[in-house]
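Each remark here refers to the structure printed beneath this line.
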Amino acid sequence: MSGGKVEKILSFLEKHYPEARIILNYNTPFQLLVATILAAQCTDERVNRVTETFFARYPSPEKLDESPLEEIEGAVKPTGFYRQKAKTLKAVSRALIERHGGEVPDRMEALTDLPGVGRKTASIVLGECFGQDTLPVDTHVLRVSRRLGLAMSKNADKVEEELSSIVPEGKRWKFALTLGWHGRTVCTARSPKCSVCGLEEMCPKIGVKGDKKG
Ligand code: SF4
């Protein structure tokens with residue numbers, strides 16, 4: 001991978017997507033952690049509709065910890081996989097209380113040690129709430145990096161490693177946000193808009209059906 005190509009992609013993304021941001025609504029690191037857990041296999045918009053009332057009902061790890069599992073299941077049901085998500089939320093809340101005094105830690109290892117919390121979730125919380133230069137690989141970042149030939153793996157953690165090796169430190173958080181935004185708006189899952197994409201000239205369109213170069 002040439003450094004020039006990465007630089008060009010970075011500057012395109014920064015220039016074209018100044019509005020790129022985390023779509024999940026939250027006010028505290030705990031709320032963002034909860035919202036990110038709920039966002040697995042669910043759209044951010046749907047999660048926002050659920051958390052509108054969920055955060056008022058369960059404002060703290062303590063409240064989630066003491067609430068009945070069935071009640072939490074009912075509250076998160078619209079986000080799908082509700083049994084597992086409710087279980088994770090309770091387990092995470094208990095771990096936060098026992099290990100971190102009810103606060104969300106600001107270290108990758110401490111976050112990924114929480115039950116059901118992987119690198120993507122931890123990276124989102126660290127980047128968004130603590131200003132760390134993390135590189136969360138969500139479904140959009142994974143898809144677009146592969147299409148652009150920036151990463152080969154299908155595994156999000158491995159793609160994070162691949163991207164971290166080519167995206168300079170200090171630019172990773174912004175890169176993940178803007179690449180994800182490009183994925184939401186142009187390089188969409190089902191029908192990437194290659195003909196209007198500003199990255200087309202340097203994109204090998206890996207895995208894009210019926211629109212390959214050459
Ligand atoms: S050219 Fe097509 S596949 Fe490549 S980044 Fe743009 S929209 Fe995605």
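Being a predicted model, the structure only gives us computed values, none of them experimental. Atoms within a ligand are numbered from 1 in the order they appear, just like the ligands themselves.
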ask   = With a cut-off of 4.0 Å, which atoms of ligand 1 are near a heavy atom of Cys203?
value = 1 (S), 3 (S), 4 (Fe), 5 (S)

ask   = Can you name the nearest heavy-atom pair linking Val159 to Ser145, along with the distance?
value = CG1-OG, 4.2 Å

ask   = With atoms numbered from 1 as shown, which atoms in ligand 1 lie under 4.0 angstrom from a non-hydrogen atom of His182?
value = 5 (S), 6 (Fe)

remark   = Restricting to heavy atoms, the pick from Arg147, Glu200, Arg143 nearest atom 1 (S) of ligand 1 would be Glu200

task = State whether Glu73 and Lys77 are salt-bridged, where the test is any N-O pair (Lys NZ or Arg NE/NH1/NH2 against Asp/Glu carboxylate O) under 4.0 Å.
result = no

task = Let me know which of Lys193, His182, His140, Lys205 forms a side-chain contact (heavy atoms from CB on, under 4.5 Å) with Cys187.
result = His182

query = Is ligand 1 under 4.0 Å from a heavy atom in the side chain of Cys194, in the backbone, in both, or in neither?
reply = both

query = What pairs of residues pass the side-chain hydrogen bond (donor to acceptor under 3.5 Å, both in side chains) test when at least one of them lies in residues 118-138, not counting sequence neighbours?
reply = Tyr26-Glu128, Arg119-Glu160

message = Please list, in number order, the atoms of ligand 1 under 4.0 Å from a heavy atom of Val208.
response = 3 (S)

Identify all side-chain donor-acceptor contacts of residues 102-113 below 3.5 Å with residues at least two apart in sequence or on another chain.
from   : atom 1 : to     : atom 2 : distance (Å)
Thr112 : OG1    : Met108 : O      : 2.9
Thr112 : OG1    : Glu109 : O      : 3.3

